[in-house]
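Structure record follows, encoded as structure tokens.
Proteins get letters first, then strands, A, B, ... in listed order; numbering begins at 1 in each. Model, not experiment: these values are computed from the prediction.
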2 protein chains.
Amino acid sequence: MNRVQEGPVAKGRRTRPARATIRDVAAQAGVSVSSVSRVMNGEPHTSPELHARIMRAVNRLRFEPHSAAQALRSRESKTIGCMVADLSNPLYSEMINGAEEELQRAGYVLMLAATRHEEDRETAFVSAVRRRRMDGLLLFAGDNAHTDFTGALANLDLPCVAIDREVSGVPSVRADHRGGGLEITRYLIGLGHRRIALLTGRAALLPSSERLAGYRQAHAEAKLAVDPDLIRPQTQGSSIAFSDVCQLLRSPNRPTAIITLGTHMLAGVMDALASSGLRYPDDVSLVCIGDTDLARHATPGISALTWDLDQMGRVAANILLDRIRGGDEAKKIRPVYLPTRFILRHSGATPRAP
Amino acid sequence: MNRVQEGPVAKGRRTRPARATIRDVAAQAGVSVSSVSRVMNGEPHTSPELHARIMRAVNRLRFEPHSAAQALRSRESKTIGCMVADLSNPLYSEMINGAEEELQRAGYVLMLAATRHEEDRETAFVSAVRRRRMDGLLLFAGDNAHTDFTGALANLDLPCVAIDREVSGVPSVRADHRGGGLEITRYLIGLGHRRIALLTGRAALLPSSERLAGYRQAHAEAKLAVDPDLIRPQTQGSSIAFSDVCQLLRSPNRPTAIITLGTHMLAGVMDALASSGLRYPDDVSLVCIGDTDLARHATPGISALTWDLDQMGRVAANILLDRIRGGDEAKKIRPVYLPTRFILRHSGATPRAP
DNA sequence: CCCGTTCTTGGAAACGTTTCCATACCTTAT
DNA sequence: ATAAGGTATGGAAACGTTTCCAAGAACGGG
């Protein structure tokens with residue numbers, strides 16, 4: 001062992017100074033490597049004097065343990081994977097924001113991947129999760145039709161939590177989109193609407209399908225038939241909503257009310273309304289999902305269905321941490337539901353007499 | 001070495017199957033460990049037959065290299081740190097979205113930390129960057145007054161790129177906020193406004209201070225004095241903007257135009273206008289920074305200053321990758337500027353005769 | 001035909017931790 | 001007094017790769 005005794009000093013001229021290792025600390029403090037490790041990890045059976053000596057050396061050398069070495073030996077990476085389709089969707093980023101705070105507090109770091117709904121990115125990330133031996137995985141709403149991906153996930157054998165998404169064998173946190181869909185549809189039916197358009201997200205996403213279920217239930221309760229033509233799952237943003245709604249509004253028996261996603265899509269709907277010369281709430285009633293600045297500050301204000309995104313991220317993170325620690329709760333895989341809340345503004349009215 | 005020859009099979013009953021290691025692959029293929037490593041890393045000097053044999057074994061055993069071991073030995077973690085104050089701000093999340101895509105393509109994974117402008121979180125993340133031996137660091141707009149943090153950063157000796165932020169010795173990508181501020185202030189002065197309120201973000205953030213500089217320059221060009229009372233740096237969201245603007249509008253010589261941030265703050269401004277019984281553009285002209293749905297779809301539409309967020313993230317990511325690879329560009333630390341664009345809508349008018 | 005290259009492969013030493021085991025020293029109960 | 005147990009420390013063997021070095025095979029030029 002021809003290790004330089006002097007510690008972490010630069011050898012050459014332009015070479016960066018070598019970082020201190022645990023052996024350097026041990027040497028500097030005149031103790032064994034294992035004692036340093038014990039002190040660093042706060043294990044019991046260490047005398048106060050030893051502790052002090054070692055910490056002094058640690059500070060002097062600015063020692064910082066190499067986490068790859070720790071991960072290699074201890075089989076814990078202190079890393080959580082986070083998979084989301086689209087980070088630029090503020091609904092997701094707000095949830096992630098909440099989750100990250102909780103994880104940070106527990107000493108974990110988030111590894112983020114945006115998949116853009118592409119299956120190869122999804123499977124690629126699962127592979128990254130395996131190679132990096134991440135300790136857990138947060139799955140934000142994504143397409144369950146991707147069977148390669150869900151298959152890879154099933155073989156993963158890792159603590160996971162799904163957010164607004166259903167993955168078999170994985171606990172999940174969900175907003176009560178079904179109840180919310182029920183509530184707002186009931187509200188519109190109660191106003192007298194019989195033709196209510198539903199512009200929701202991609203059909204394969206759980207929030208959309210749940211919303212649709214609530215919508216159907218409200219119709220069933222009122223003994224109303226559902227016109228499938230009024231249900232428009234959207235794959236893209238506002239531009240698609242725009243043409244879709246234009247077409248819808250031009251039809252002979254046009255909808256008298258529209259339920260739409262609040263992010264991106266609402267904008268397209270408003271444009272379509274304007275370009276068709278129609279106004280809300282007089283000509284068409286409007287309810288949007290997800291409370292956004294646009295919904296709040298449009299004139300008149302647009303009634304919205306909302307729920308606590310930050311909280312949702314936090315709850316998910318804490319369930320995941322529980323599972324990682326193998327807590328008693330670890331068996332529960334029943335979904336946790338968060339309530340939605342309907343904010344009544346001025347975008348709804350009794351439909352005009354035909 | 002009493003390693004089980006059979007490969008990665010479970011030993012006990014409920015224990016998870018051990019993952020195959022490179023030695024297992026080597027044994028299965030009847031070759032040396034170093035050959036497996038070479039093939040896995042696509043190094044030259046490997047015969048086709050060897051390659052085939054090894055890949056067969058890799059697939060059979062579902063071998064996936066342990067990235068901690070790779071990182072430990074090769075001193076590359078293939079990991080990029082990403083520090084942002086507030087992930088729920090859509091301006092940031094959109095930039096991160098763009099950056100992540102570029103990094104993903106290059107085989108890197110993003111490690112995300114939200115600091116909420118708290119210095120201890122910032123320094124904690126710098127520590128994480130060191131311990132995890134991350135390969136690079138993306139710094140999104142943050143407070144330069146945090147000297148502990150900037151000090152820690154200076155000692156880091158790691159490829160960094162700052163986005164809309166100034167860090168000494170670090171290359172940066174910035175939107176031309178100064179030019180943008182100049183352009184919109186000139187526009188308002190050109191309309192005849194003499195009292196223009198500027199509601200920008202925290203003064204310590206680069207975009208805000210640059211904007212202010214542009215604002216001042218436009219005033220200087222027109223030989224107008226700047227009333228410091230009209231400059232309101234904001235630390236929080238819409239609620240503060242609301243009360244601030246209310247107070248401003250109530251003053252005897254109220255501003256005839258307002259420049260405001262488009263996210264969060266614009267909403268507060270609109271509320272304040274409404275509650276003061278004033279309307280835009282007749283009573284007050286409005287320009288907002290950052291084109292949001294609200295700006296686009298408010299009636300009348302609100303003129304906005306915008307720039308390409310996704311692009312900005314990508315540019316930053318690519319500069320960082322360049323630096324990591326030690327490219328020729330590595331010396332350049334002059335900031336790269338992205339242009340802003342002024343979208344003229346209907347929120348500006350000639351001020352009314354007093 | 002031999003010698004210097006270049007190509008292909010194997011062996012073994014790192015990389016920086018944690019953790020198991022052993023040891024030496026104290027207690028304390030029998 | 002001695003066995004039994006706990007506490008504080010050190011030594012060394014992992015963890016799973018990459019990479020350096022050496023050595024044999026193939027190759028081409030003189």
Has the side chain of A:Ser77 got a donor or acceptor atom that lies under 3.5 Å from a matching backbone atom of A:Arg133?
-> yes
Result of checking B:Ile96, B:Asp86, B:Asn89 against B:Phe140 for side-chain contact (heavy atoms from CB on, under 4.5 Å) = B:Ile96
d(CD1, B:Ile54; P, D:dT18) in whole Å | 12 Å
Please, which pairs that meet salt bridge (charged side-chain N to carboxylate O under 4.0 Å, His left out) have at least one residue in residues 63-85 of chain B, sequence neighbours excluded?
-> A:Arg130-B:Glu64
Atom CE of A:Met40 and atom P of C:dT18: how far apart are they, to the nearest Å?
-> 8 Å
Could you tell me whether the side chain of B:His146 and the main chain of B:Asp148 form a donor-acceptor pair under 3.5 Å?
-> no
Sequence neighbours left out, what pairs pass side-chain hydrogen bond (donor to acceptor under 3.5 Å, both in side chains) with at least one residue falling in residues 48-60 of chain B?
-> B:Gln28-B:Arg60
Whole-Å distance between D:dG16 C1' and A:Arg131 CZ?
-> 13 Å
Spacing between B:Arg75 atom CZ and C:dT17 atom C1', to the nearest angstrom | 14 Å
Rounded distance (Å) that lies between atom P of C:dT17 and atom CZ of A:Arg23 | 9 Å
Between C1' of C:dC15 and CG of A:Leu72, the distance in whole Å = 9 Å
For residues 35-45 of chain A, tabulate all N or O donor-acceptor pairs below 3.5 Å that involve a side-chain atom, not counting sequence neighbours.
{"from": "A:Ser35", "atom 1": "OG", "to": "A:Ser32", "atom 2": "OG", "distance (Å)": "3.2"}
{"from": "A:Asn41", "atom 1": "ND2", "to": "A:Ser37", "atom 2": "O", "distance (Å)": "3.1"}

Is the backbone N or O of A:Ala141 less than 3.5 Å from a side-chain atom of A:Asp164, with the two atoms forming a donor-acceptor pair by type?
-> no
Atom-to-atom span, CG of B:Asn41 to P of D:dC20 - whole angstrom | 13 Å
Could you go through residues 97-114 of chain A and list every donor-acceptor pair under 3.5 Å that involves a side-chain atom there, pairing it with any protein atom two or more places apart or in another chain?
{"from": "A:Asn97", "atom 1": "OD1", "to": "B:Leu87", "atom 2": "N", "distance (Å)": "3.4"}
{"from": "A:Glu100", "atom 1": "OE1", "to": "A:Gln104", "atom 2": "NE2", "distance (Å)": "3.1"}
{"from": "A:Glu100", "atom 1": "OE1", "to": "B:Ala114", "atom 2": "N", "distance (Å)": "3.4"}
{"from": "A:Glu100", "atom 1": "OE2", "to": "A:Gln104", "atom 2": "NE2", "distance (Å)": "2.7"}
{"from": "A:Glu100", "atom 1": "OE2", "to": "B:Ala114", "atom 2": "N", "distance (Å)": "3.3"}
{"from": "A:Glu101", "atom 1": "OE1", "to": "B:Arg116", "atom 2": "NE", "distance (Å)": "3.1"}
{"from": "A:Glu101", "atom 1": "OE1", "to": "B:Arg116", "atom 2": "NH1", "distance (Å)": "2.4"}
{"from": "A:Glu101", "atom 1": "OE1", "to": "B:Arg116", "atom 2": "NH2", "distance (Å)": "3.3"}
{"from": "A:Glu101", "atom 1": "OE2", "to": "B:Arg121", "atom 2": "NH2", "distance (Å)": "2.8"}
{"from": "A:Glu102", "atom 1": "OE1", "to": "A:Asn318", "atom 2": "ND2", "distance (Å)": "3.2"}
{"from": "A:Glu102", "atom 1": "OE2", "to": "A:Arg105", "atom 2": "NH2", "distance (Å)": "3.2"}
{"from": "A:Glu102", "atom 1": "OE2", "to": "A:Arg314", "atom 2": "NH1", "distance (Å)": "2.7"}
{"from": "A:Gln104", "atom 1": "OE1", "to": "B:Arg121", "atom 2": "NH1", "distance (Å)": "2.8"}
{"from": "A:Gln104", "atom 1": "NE2", "to": "B:Ala114", "atom 2": "O", "distance (Å)": "3.3"}

Would you mind building the protein contact string for nucleotides 7-13 of chain C? One character per nucleotide, 5' to 3', B for base within reach (heavy atoms under 4.0 Å), S for sugar-phosphate only, - for untouched.
-> SBBBB-B
Short side-chain N/O contact from B:Ser37 to OP1 or OP2 of D:dT18, under 4.0 Å = yes
Measure the angle between the two terminal helix axes of the helix from C:dC1-D:dG30 to C:dT30-D:dA1, five base pairs each, and quote it to 10°.
-> 40°
Given B:Leu139 and B:Phe149, is the side-chain contact (heavy atoms from CB on, under 4.5 Å) satisfied, shown in steps?
-> CA-CA 12 Å; B:Leu139 294 165; B:Phe149 163 68; 4.0 Å; yes
Whole angstrom is fine here: how far is it from CG in B:Asp24 over to C1' in D:dC15?
-> 13 Å
